[in-house]
Amino acid sequence: MNKKRIDNKILKDDVENLDLNTNICLKLKTNEIDTIGKLCNHTRKELRNLDFVQSDIQSIVIKLQLKGLDIKGNEY
């Protein structure tokens, strides 16, 4: 299985698969961000505008990086 196919499968996964804090998951889903792919398409600024605090955003970034992903506009 090639890497592109694995990434596509991960992007379709539910955000709950990131093992984030329950409150973060609820807030994501309330804002119609229910898949990892949708989450990756948001920037830090967009997440702040959705009332996520810096520590929440940092948790999201770390969990995504553990999957080899990141939020839009981030480089690592």
Side-chain angles (χ1 to χ4, degrees):
M1 189 176 284
N2 65 27
K3 182 165 176 39
K4 188 73 169 169
R5 175 165 282 159
I6 293 169
D7 287 349
N8 284 338
K9 182 190 178 319
I10 291 171
L11 293 176
K12 292 178 183 175
D13 281 350
D14 194 290
V15 290
E16 290 181 5
N17 291 343
L18 291 174
D19 295 323
L20 290 163
N21 172 303
T22 305
N23 292 331
I24 295 173
C25 283
L26 287 173
K27 194 182 289 189
L28 287 169
K29 289 188 177 217
T30 299
N31 288 288
E32 298 180 11
I33 304 170
D34 55 352
T35 66
I36 293 173
K38 286 182 183 178
L39 178 56
C40 288
N41 284 323
H42 284 76
T43 63
R44 284 179 182 265
K45 184 176 182 177
E46 290 168 338
L47 292 174
R48 277 194 300 272
N49 289 340
L50 297 175
D51 291 328
F52 284 96
V53 295
Q54 185 60 35
S55 61
D56 292 345
I57 296 169
Q58 193 60 33
S59 293
I60 291 168
V61 169
I62 290 168
K63 295 292 186 170
L64 286 173
Q65 287 177 346
L66 290 172
K67 300 272 187 185
L69 302 167
D70 211 337
I71 58 175
K72 187 174 173 183
N74 247 14
E75 295 180 22
Y76 69 98

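All residue numbers in this chain count up from 1 along the given sequence.
Between the NE2 atom in His42 and the CD1 atom in Ile57 there is a gap of 11.5 Å [rounded to 0.5 Å]. Note that CD of Gln58 and CZ of Arg44 are 5.0 Å apart. Values are rounded to the nearest 0.5 Å. For the atom pair Asp34 CG and Asp13 CG, the distance stands at 11.5 Å (nearest 0.5 Å). Atom CD1 of residue Ile62 and atom CG of residue Leu20 lie 10.5 Å apart, to the nearest 0.5 angstrom.
Side-chain atoms of Lys12 and Thr35, non-hydrogen and from C-beta on, never get closer than 4.5 Å to each other. Inter-residue side-chain proximity for Glu46 and Leu50 is flagged as unmet; no heavy-atom pair is nearer than 4.5 Å. Contact check for Leu11 versus Leu69: side-chain heavy atoms found under the 4.5 Å cut-off. Annotation: side chain of Asn21 is not in contact with side chain of Ser59 (no heavy-atom distance under 4.5 Å). With contacts defined as side-chain heavy-atom distances shorter than 4.5 Å, the pair Ile71/Thr43 does not qualify. Residues Leu39 and Leu47 form a side-chain contact, since some pair of their non-hydrogen atoms from C-beta on lies under 4.5 Å apart. The side-chain heavy atoms of Ile33 and Lys38, taken from C-beta on, include a pair separated by under 4.5 Å. Counting heavy atoms from C-beta outward, Lys67 and Leu18 have side chains that approach closer than 4.5 Å.
The number of heavy atoms from other shown groups lying within 6.0 Å of NZ (Lys29) is above 12. By the 6.0 Å contact criterion, CD on Glu32 is open, its count of non-hydrogen atoms from other residues, nucleotides or ligands being 12 or less.
When each of Asn17, Leu64, Ile36 is tested with Ile10 by the rule side-chain contact (heavy atoms from CB on, under 4.5 Å), just one qualifies, namely Ile36.
At least one donor-acceptor pair closer than 3.5 Å links the side chain of Lys27 to the backbone N or O of Asp51.
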